[in-house]
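Quick notes on the structure that follows.
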Amino acid sequence: NAGVTQTPKFQVLKTGQSMTLQCAQDMNHEYMSWYRQDPGMGLRLIHYSVGAGITDQGEVPNGYNVSRSTTEDFPLRLLSAAPSQTSVYFCASRRKTGGALTGELFFGEGSRLTVL
Amino acid sequence: AQTVTQSQPEMSVQEAETVTLSCTYDTSESNYYLFWYKQPPSRQMILVIRQEAYKQQNATENRFSVNFQKAAKSFSLKISDSQLGDTAMYFCAFMKVGYNFNKFYFGSGTKLNVKP
């Protein structure tokens, strides 16, 4: 019972490099999202998706791209990394019940990204 | 926009004692969910307890219980018989209910240290 799986768990980048954080869930959840966690700021929503082919921006979308080609996968792309993107990133998913998004978020284990 | 405030950045409690973590939120909605999540040093986000706003009865989960005051927009977490394994960051979260409401709002967290 894997739940939400994120890779890699740790990554160091140089300014200007690009990379993709991978997220996969095996619970058939319609909703998937990416958060970043910074000290003293809680978790802030970057992007989210309510189903394959549908994505939307959260609170802090600048510098990040997402796509959702399948129900299971929701990768987060950094096209040109900046030191301000140094953070811990969490992927989270949840189910839809009767058409409405209810229930708690299920989280991956997080990915710590450092941009030098 | 909804805001969630945790006014206690850090707290300490002796093992076996009781501690209460505070959370307030600001919303004009009447139908919503509130959550407490725990983040131990392993970084994994774990759901502790959940409260539906339409329910007057406070939620309980073993040693964890909440004091939900809807009029005051307050949602505190009480941990009884604290254990060393309760040492973690605790995040309060708010979620509107509905077909098009896709965002969780998190507080900035309270770091709880349980001392032996």
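When reading the values below, keep in mind they use all heavy atoms of this one structure, side chains included, and skip hydrogens, waters and symmetry mates. Naming convention: chains lettered A, B, ... in sequence-line order (proteins, then strands); numbering from 1 in each chain. Quick caveat, the model's predicted, so the values are computed rather than measured.
Two rings, from A:Tyr35 and B:Phe104, have their centers 6.0 Å or more apart.
No continuous path of ILVMFWY side-chain contacts below 4.5 Å connects A:Val66 to A:Tyr31, so the two sit in separate hydrophobic clusters. Linking Ile, Leu, Val, Met, Phe, Trp and Tyr residues whenever their side-chain heavy atoms come within less than 4.5 Å places B:Leu77 and B:Val13 in a single cluster. A single hydrophobic cluster is not seen to contain both A:Val88 and A:Leu21; linkage of ILVMFWY side chains at heavy-atom distances under 4.5 Å, directly or through other members, places them apart. Hydrophobic cluster membership is shared by B:Phe68 and B:Val48, with clusters built from Ile, Leu, Val, Met, Phe, Trp and Tyr side chains linked at under 4.5 angstrom. Note on A:Leu43: it clusters hydrophobically with A:Tyr48, by side-chain heavy-atom contacts below 4.5 Å among ILVMFWY residues.
Contact tally against chain B (heavy-atom pairs below 4.5 Å) for A:Ala92, A:Gly110, A:Ser33, A:Gly58: the top residue is A:Gly110. Here B:Leu47 is the residue among B:Leu47, B:Val4, B:Ile46 with the most heavy-atom pairs under 4.5 Å with chain A.
Neither the backbone nor the side chain of A:Arg44 has a heavy atom closer than 4.5 Å to any heavy atom of chain B. With a threshold of 4.5 angstrom between heavy atoms, B:Glu52 does not approach chain A through any atom at all. Contact of A:Ser111 with chain B is made through the backbone alone, with heavy-atom distances under 4.5 Å.
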> Checking side-chain contact (heavy atoms from CB on, under 4.5 Å) for the pair B:Phe106/A:Leu105: CA distance, chi angles, key distance, verdict?
Replying inline: CA-CA 12 Å; B:Phe106 287 87; A:Leu105 284 172; 4.1 Å; yes
> What do the steps show when you test B:Met45 against A:Glu109 for side-chain contact (heavy atoms from CB on, under 4.5 Å), and what is the final call?
Replying inline: CA-CA 7 Å; B:Met45 293 284 284; A:Glu109 293 182 348; over 6 Å; no
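When atom types are taken as modelled, the side chain of B:Gln6 and the backbone of A:Gly42 share no donor-acceptor pair closer than 3.5 angstrom.
Listed here is the closest heavy atom pair of A:Gly40 and B:Ser108: O-CB, 3.4 Å. Closest approach of A:Lys9 to B:Arg43, counting heavy atoms only: O-NH2, 3.5 Å.
B:Gln57 CD: 12 or fewer foreign heavy atoms inside a 6.0 Å radius. Within 6.0 Å of the NZ atom in B:Lys78, the count of heavy atoms belonging to other residues, nucleotides or ligands does not exceed 12.
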